[in-house]
Amino acid sequence: MGIILLIILQNIVFGSYIAFRLYQAFFKKYNMWLIIFIFLILFSTFLIARILVKTFGIHLPNSIIFATHLILAFTNYLFIYLAATDIIRLIFKLLHTPFLSHKVQMIIVLVLTLVTIIYGYINSHNTKITAYTVTLKKELKENITIAALSDLHIGADMSPKRLSKEVQIINNMKPDVIFIIGDIIDNNIKDLTQAHIHELKKLNAPLGVYAVIGNHDYYSSDAETIKKLLTQADINTLIDNVTYIQEKGVYIIGRDSLRHTNDDGSMRQNIKTLYDKVEDKAKPVIILDHVPKGLKDGKSINADIQISGHTHDGQTFPLNLIVRKMTLLSRGMLMDDGFYYIVSSGIGLWGPPVRVGTDAEILLINVYGSNQNQ
């Protein structure tokens, strides 16, 4: 909700500013208020589309949804470059020095914005593999290789074709087990088509594929519906549940999403309640939790690893700088007294279909027990 309010504020304040500056540059022979109104409608298409889909249940083609996402990205960077060059304009004015005409300034700003969007879109599809090595304080039967991915956000930008590419990257890693850390769907359950399920079913790991669900999954549907669809793809969904991988001697705790708003409103189970289901407390425990909320829960049960997503590492500049300041860890791994806390920037996107200053990633986590040599 906070992000949506921010976008509304952006549309009113930033949109009016951009629209007025476009009027000054290109449209001065037309009615100013008409030009501003037209551009405000254009800049608001992301919100309009969201309202039509979520509030009124109107189905819009993914091509239209994607176009509104592009407009949102374009508006963001148009404002940034325009504000920066207007500050320079003000400095020149204070120094009584001529500056560029409004038209030339706007052309430069539009070109910079277009180049940024093209780069950001290409970069968002250039998924990287981030490798971590973890040595536990507890013993393992055998070392375990984990492929972990989060935030697919299946929707306008995650086509079956792109999903197939990501699946191939994962399978080429030859992991023992695959974890999907929530936000599998973006906002609409109808976007998880049989073609997507067909691609997800190709995920190959001898110890199976496990998933937890995230806040966007709840925005799209209820937990049981999502679980049934993922079962078709041979994915085991853990919602406040525990499973034991006997071959490696490790427990997996899959937590319900901390931020769900579309189910029955019940609270998720306490971590200690879930830990009570772990029969052998001497065995390693891995927590899968979409939203990273810090070290407290994992350390309270003497867990060994937590893998999370959700942050997108801020996704775009300058939001990435803000997210990194506001969170303990927006992306990466830290270790505190034997507890490894790992956050992925994810694969997919929400809103603007660009990544600037961040990367799409799949995690490759090599886990060794205290009884093993690397």
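Computed over heavy atoms, backbone and side chain alike; hydrogens, waters and symmetry mates excluded. Index from 1, following the sequence.
For the residue pair T358 / Q315, no side-chain donor-acceptor distance below 3.5 Å is found, with atom types taken as modelled. With no hydrogens or angles considered, no side-chain donor-acceptor pair links H59 and N188 at under 3.5 Å. Side-chain atoms of Y218 and D256 form a donor-acceptor pair, as typed in the model, at a separation below 3.5 Å.
At a threshold of 4.0 Å, the pair K248-E142 counts as salt-bridged, since one of the basic side-chain nitrogens sits closer than that to a carboxylate oxygen. With salt bridges taken as basic N to acidic carboxylate O contacts below 4.0 Å, one links D289 and R268. Contact check on E224 versus K228 returns no salt bridge, with no Lys/Arg side-chain nitrogen under 4.0 Å from an Asp/Glu carboxylate oxygen. A salt bridge between D359 and R331 is absent, with no side-chain N of the basic residue lying under 4.0 Å from a carboxylate O of the acidic one. Classification of D297 and K272 as a salt-bridged pair fails, no side-chain N sitting under 4.0 Å from a carboxylate O.
Here L329 contributes atom CG and D313 contributes atom CG; the two are 9.0 Å apart, rounded to the nearest 0.5 Å.
Partner of D304 under the salt bridge (Lys or Arg N to Asp or Glu O under 4.0 Å) criterion, chosen from K283, K299, K138: K138.
Using cut-offs of 30° and 60° for the angle between ring planes, the F46 and W350 rings count as perpendicular. The aromatic rings of H216 and Y219 sit perpendicular to each other, their planes meeting at more than 60°, with 30° as the lower class boundary. The aromatic rings of Y251 and Y244 are tilted relative to each other, their planes meeting at an angle between 30° and 60°.
In this structure, Y77 has its ring center no closer than 6.0 Å to that of Y119.
K281 forms a cation-pi arrangement with Y275, by the criterion of a distance under 6.0 Å to the ring centre and an angle within 45° of the ring axis.
Formation of a donor-acceptor pair under 3.5 Å by the H196 side chain with backbone atoms of M158 is found in this model.
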